[in-house]
Amino acid sequence: MDKSMLGDLDSLPEEDKMRMAAMVDQLQIRDSLRMYNSLVERCFTDCVDTFRRKTLDKQEESCVRRCAEKFLKHSMRVGMRFAELNQGVATPD
């Protein structure tokens, strides 16, 4: 975990800092899994129409690839925008 995320928590006892870091790590893992599940569900729903074969046909495969690329690009852009906004909100101590 990035220690800068704990910022003003320097006054806490070391045990509480470790507990807080573990909680933040768990939240990050949970959010990553939610994003992945959302990606899979959205792209599968949009791209897979039938279950004719065990594998995707070429059209389904290219649709899933495009869908995943768009989803990940969008997620990266949203994350960058939040970071930009967060930097603008930060106040000097």
Side-chain angles (χ1 to χ4, degrees):
M1 186 187 98
D2 184 6
K3 296 296 181 195
S4 67
M5 293 179 72
L6 294 177
D8 296 329
L9 302 177
D10 290 335
S11 61
L12 289 176
E14 195 61 34
E15 182 180 323
D16 289 343
K17 287 182 194 177
M18 296 300 286
R19 211 174 307 143
M20 183 68 79
M23 287 173 39
V24 169
D25 287 343
Q26 286 177 345
L27 290 172
Q28 288 175 334
I29 291 169
R30 184 195 68 197
D31 289 343
S32 294
L33 289 172
R34 280 185 180 166
M35 185 179 90
Y36 178 78
N37 287 335
S38 177
L39 165 70
V40 170
E41 184 176 342
R42 175 177 298 215
C43 293
F44 184 84
T45 301
D46 290 350
C47 298
V48 179
D49 298 324
T50 63
F51 295 97
R52 295 181 298 245
R53 297 188 264 309
K54 292 181 189 178
T55 60
L56 300 175
D57 62 29
K58 290 194 184 293
Q59 181 181 358
E60 291 170 334
E61 189 174 335
S62 66
C63 179
V64 168
R65 186 175 292 116
R66 278 193 317 274
C67 178
E69 287 173 0
K70 285 180 183 180
F71 187 92
L72 293 173
K73 284 180 184 178
H74 172 74
S75 296
M76 287 174 46
R77 180 63 187 131
V78 168
M80 288 172 39
R81 185 66 178 132
F82 277 130
E84 290 169 4
L85 292 172
N86 194 25
Q87 287 176 352
V89 173
T91 57
D93 291 340

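Residue numbers run from 1 in the order of the sequence given.
- The side chain to side chain contact (heavy atoms under 4.5 Å, CB included) test applied to Ser38 returns Phe71, not counting sequence neighbours.
- Nearest approach of Ala68 to Cys43, heavy atoms of both residues: N-SG, 3.5 Å.
- The structure places SG of Cys63 at 9.5 Å from CG of Leu56, a figure rounded to the nearest 0.5 Å.
- Looking at heavy atoms from C-beta onward, Asp46 lies in side-chain contact with Arg42 at the 4.5 angstrom threshold.
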Should Gln28 and Val24 be marked as a side chain to side chain contact (heavy atoms under 4.5 Å, CB included) after you check the CA-CA gap, both sets of side-chain angles, and the distance that decides it? CA-CA 6 Å; Gln28 288 175 334; Val24 169; 4.1 Å; yes
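- Asp57 is linked by a side chain to side chain contact (heavy atoms under 4.5 Å, CB included) to Arg52, Arg53, Gln59, Glu60, counting only residues two or more places apart in sequence or in another chain.
- Among residue pairs with one or both ends in residues 69-82, those qualifying as side-chain hydrogen bond (donor to acceptor under 3.5 Å, both in side chains) are Arg81-Glu84; sequence neighbours excluded.
- When all heavy atoms are compared, the tightest approach of Cys47 to Val64 is SG-N, 3.4 Å.
- A heavy-atom distance below 4.5 Å is found between the side chains of Lys17 and Glu14.
- In this structure, the side chain of Asn37 engages the main chain of Leu33 through a donor-acceptor pair within 3.5 Å.
- In this view, Arg65 and Glu61 satisfy the side-chain hydrogen bond (donor to acceptor under 3.5 Å, both in side chains) rule, not counting sequence neighbours.
- Applying the side chain to side chain contact (heavy atoms under 4.5 Å, CB included) test to Tyr36 and every residue at least two apart in sequence or in another chain returns Val40.
- Qualifying side-chain hydrogen bond (donor to acceptor under 3.5 Å, both in side chains) partners for Glu15, counting only residues two or more places apart in sequence or in other chains: Arg19.
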